[in-house]
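What follows is a short report on a single structure.
A note on names: the letters A, B, ... follow the listed sequences, proteins ahead of strands, and every chain is numbered from 1.
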Amino acid sequence: MASNNLLRDPDPLKPSYLPETLVDRENTVSQLSEFDPSSGRNLLLHGPRGTGKTTFAHHFLQFDDTTTCYISCDQFTTQYQVLKQVYQILTHEEIGTGHHTSDLQRKIEERTGQRPVVLILDEVDFLLLNDGGSLLYYLSRIENRENLSLILISSNHSSLKEQVEERTYSSLQTNRIPFEPYDGETVYQLLKNRAEKALRPQSLHREALGYIASTTQNASQALHWLRVAAENTEQRITEEDVASLKDQAYREYVDHLLQPFTEHHRLVYQAIEELDEENKVDTVNTGAVYQRYQDLCQAYEEESLSNRRISDYLKQLELLNLINVKYYYGGQNGKTREINLIPF
DNA sequence: CATCCACCGGAAATGTTGGGAC
DNA sequence: GTCCCAACATTTCCGGTGGATG
């Protein structure tokens with residue numbers, strides 16, 4: 001890693017950074033500022049990755065006398081794990097596994113009700129792959145419902161209608177708030193704000209930011225890119241610097257997305273990457289990916305997982321918006337999936 | 001119109017880990 | 001310690017899919 005004289009403070013370029021001011025989203029801001037955490041109402045923030053859903057949720061949902069539980073469901077993927085996190089946040093007590101889910105529910109109900117709780121379930125799609133439906137049903141009917149508000153965040157679904165049972169959908173009554181992709185001008189502004197905080201003065205050419213802003217609408221990708229550029233440039237960051245670091249920036253963005261997942265998720269992704277590179281024309285389907293994945297496992301002396309399991313992992317890569325998947329339920333090639341990398 | 005492709009995806013089975021009661 | 005009961009990751013099993021092909 002190059003020595004660094006451009007970076008003054010790396011934090012503003014990190015994914016977890018919460019800016020004091022947010023780039024223009026007036027409609028969203030007004031809808032969120034009307035949100036009352038003691039109303040028992042629920043929100044669904046939906047839109048593509050890198051549109052600021054998580055940041056907005058954190059920024060606007062700090063209330064006095066209200067406990068906020070933020071849980072990212074790419075790490076906590078089952079009802080039990082989410083409830084466990086909620087319990088730990090509410091009570092600061094550790095709790096193990098091995099209890100009944102209903103025990104955990106009862107313990108939590110004893111703790112809620114005194115004051116409002118806002119529960120943010122980010123990446124809720126991953127929860128819904130498992131028993132998230134049961135969790136949402138339970139939460140929608142919990143005692144003292146008016147003291148619990150849910151903020152669900154999804155990058156893949158603009159409504160829960162198809163994702164949960166009818167009875168859950170109707171009792172949740174979510175207010176849906178869309179996040180449209182940023183336009184180039186806004187991405188530019190956002191990068192500029194962060195760069196001013198993170199970098200020393202005179203660290204970059206404006207064309208460098210312009211290049212990033214015209215290439216991606218995904219703010220998360222853009223910020224990873226800017227950070228990589230700052231870390232790997234000695235003098236002023238130029239448009240050429242940025243352009244030549246494009247692949248590495250995307251690599252680090254992918255690593256960041258895959259970080260909560262297993263080594264096998266990364267191997268499956270690598271398998272798709274390799275096949276994608278070798279096969280510019282031919283389509284890649286599930287069997288080829290599994291075959292290549294097994295080869296990689298052998299190369300790294302890892303025990304490979306079953307194809308049934310990898311089928312689920314592919315679904316998760318799809319939810320991370322790393323791959324495009326077209327499903328064939330029979331036909332010329334039988335029942336399979338056609339898989340493509342999503343290009344930067 | 002029967003057969004085949006090649007895997008989908010639900011469900012049951014298996015194995016591991018941890019908890020509480022005795 | 002022993003026993004039983006959870007949660008959870010993973011494997012095993014298998015019925016099913018629908019256009020292409022002959």
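Whole-Å rounding puts the A/E94 CD to B/dG18 P distance at 14 Å. Put simply, CD on A/E303 is 19 Å from P on C/dA9, counting in whole angstrom units. Residue A/D103 contributes atom CG, which lies 13 Å from atom C1' of B/dA21 at whole-angstrom precision. One interatomic measurement links the two molecules: CZ of A/F76 to P of C/dC8, which rounds to 12 Å at whole-angstrom precision. Taking atom CG on A/L135 and atom C1' on C/dC8, their separation rounds to 16 Å, with Å as the unit. We find that NZ of A/K84 is positioned 10 Å from C1' of B/dG18, with the value rounded to whole Å. When the P atom of C/dA9 is taken as reference, atom CD of A/E302 falls 18 Å away, rounded to whole Å.
Partner of A/I151 under the side chain to side chain contact (heavy atoms under 4.5 Å, CB included) criterion, chosen from A/T68, A/I177, A/L45: A/L45.
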Enumerate all atom pairs, one protein N or O and one N or O from nucleotides 3-6 of chain C, separated by less than 3.5 Å.
residue, atom, partner, partner atom, Å
C/dA6, O5', A/H100, NE2, 3.2

Could you list all N or O pairs between the protein and nucleotides 6-13 of chain B that sit under 3.5 Å apart?
residue, atom, partner, partner atom, Å
B/dA6, O4', A/N333, O, 3.3
B/dA6, N3, A/K335, N, 2.8
B/dC7, OP1, A/G287, N, 3.2
B/dC7, O5', A/G287, N, 3.4
B/dC7, O4', A/K335, O, 2.9
B/dC8, OP1, A/T286, OG1, 2.8
B/dC8, OP1, A/R337, NE, 2.6
B/dC8, OP1, A/R337, NH2, 3.0
B/dC8, O2, A/K335, NZ, 2.9
B/dG9, OP1, A/Y329, OH, 2.7
B/dG9, N7, A/R308, NE, 3.3
B/dG10, N7, A/R308, NH2, 3.1
B/dG10, O6, A/R308, NE, 3.0

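For an aromatic pair to be called close, the ring centres must be under 6.0 Å apart, and A/F179 with A/F56 satisfies this.
Considering only side-chain N and O atoms, A/R309 lies nowhere under 4.0 angstrom from the phosphate OP1 or OP2 of C/dT11.
The main-chain N or O of A/S134 is never found under 3.5 Å from a side-chain atom of A/D131 such that the two would form a donor-acceptor pair. A side-chain donor-acceptor contact under 3.5 Å links A/S39 to the backbone of A/D36. A distance-only check finds a donor-acceptor pair linking the side chain of A/S214 to the backbone of A/G210 [under 3.5 Å]. Judged by distance alone, with hydrogens and angles left aside, the side-chain atoms of A/R227 form no donor-acceptor pair with the main-chain N or O of A/A222 at under 3.5 Å.
Side-chain atoms of A/H46 and A/S159, non-hydrogen and from C-beta on, never get closer than 4.5 Å to each other.
A cation-pi contact links A/K246 to A/F344, judged by a cut-off of 6.0 Å to the six-membered ring centre and 45° from its axis.
For the pair A/L257 and A/L322, the tightest heavy-atom approach, listed with the atom from each and the gap, is CD1-CD2, 3.8 Å.
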